[in-house]
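One structure is given below, encoded as structure tokens.
Note that the coordinates shown come from a computational prediction; the quantities given were computed from them, not determined experimentally.
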Amino acid sequence: MKPSERGDITIEAVVGIVALFLIFQLGLVGLRVLVADAAIDDAARAASRAASIAHDGRAAAITADRRARAVLAEQKLTCRSLNVNVDARDFAKSLGETGYVIATVTCVVPLVDLVPGIGSKTLRSEFRSPIDRYGARS
């Protein structure tokens, strides 16, 4: 092997290692997004269910927000920005009418700690849960 060929092999090895490192980092980003998406789905589902057993729209919104935040904390998901929106207008329907609570959870998941310069990803999930048709409503 000539001395000049040794330098070529070194450069190829460095390029290969950097490429493998970048592929690994992108895999971590994909994994974080998948895990975060599942956590946000769980939070929206739990929020809408908790809201659906409340007695009025205001209590439903407060209960849903608390439940969504608790689920995300249990799953150790940190959101740069978290918004829990609850559509509880069906609490105004008369007893016996079918109504639903819709909880929407929007989370901005930071990714910059995995790959510098990549920023963040906004994930959103919505879930609808029926309100007890004959339960107390205010």
Hydrophobic cluster membership, Val33 vs Ile118, 4.5 Å side-chain cutoff: yes

hydrophobic_cluster_shared for Leu72 and Val109, side chain cutoff 4.5 Å: yes

Whichever hydrophobic residues join Leu31 through chains of side-chain contacts under 4.5 Å: Val35

Distance-minimising heavy-atom pair for Pro110 and Arg80: CB-NH2, 3.8 Å

Sole candidate of Val108, Ile40, Thr104, Val105 that passes side chain to side chain contact (heavy atoms under 4.5 Å, CB included) when paired with Arg124: Thr104

Closest non-hydrogen atom pair, Ala88 against Ala60: CB-CB, 4.2 Å

Cluster check Leu82, Val112: I/L/V/M/F/W/Y, side chain < 4.5 angstrom: no

Side chain to side chain donor-acceptor pair (under 3.5 Å) partners of Asp87, counting only residues at least two apart: Arg89

Where Val71 and Ala46 come nearest, the two heavy atoms and their spacing: CG2-CB, 3.7 Å

Val86 reachable from Phe91 in the ILVMFWY side-chain graph, under 4.5 Å edges: yes

Verify same cluster id: Ile62, Phe127 (apolar side-chain graph, 4.5 Å): no

Summary of salt bridge (Lys or Arg N to Asp or Glu O under 4.0 Å) pairs that have at least one residue in residues 17-45, sequence neighbours excluded: Arg32-Asp113, Asp42-Arg45

Separation between CZ of Arg67 and CG of Asp65, rounded to the nearest 0.5 Å: 12.5 Å

Heavy-atom pair with the smallest gap, counting every atom of Ala68 and Ala43: O-CB, 3.8 Å

Exercise: identify the closest heavy-atom pair between Ala39 and Gln75: CB-OE1, 3.2 Å

Ile53 vs Thr63 side-chain heavy atoms within contact, under 4.5 Å: no

Within 6.0 Å of CZ in Arg58, more than 12 heavy atoms from elsewhere: no

Shortest non-hydrogen contact between Val101 and Ala51, atoms and distance: CG1-CB, 3.5 Å

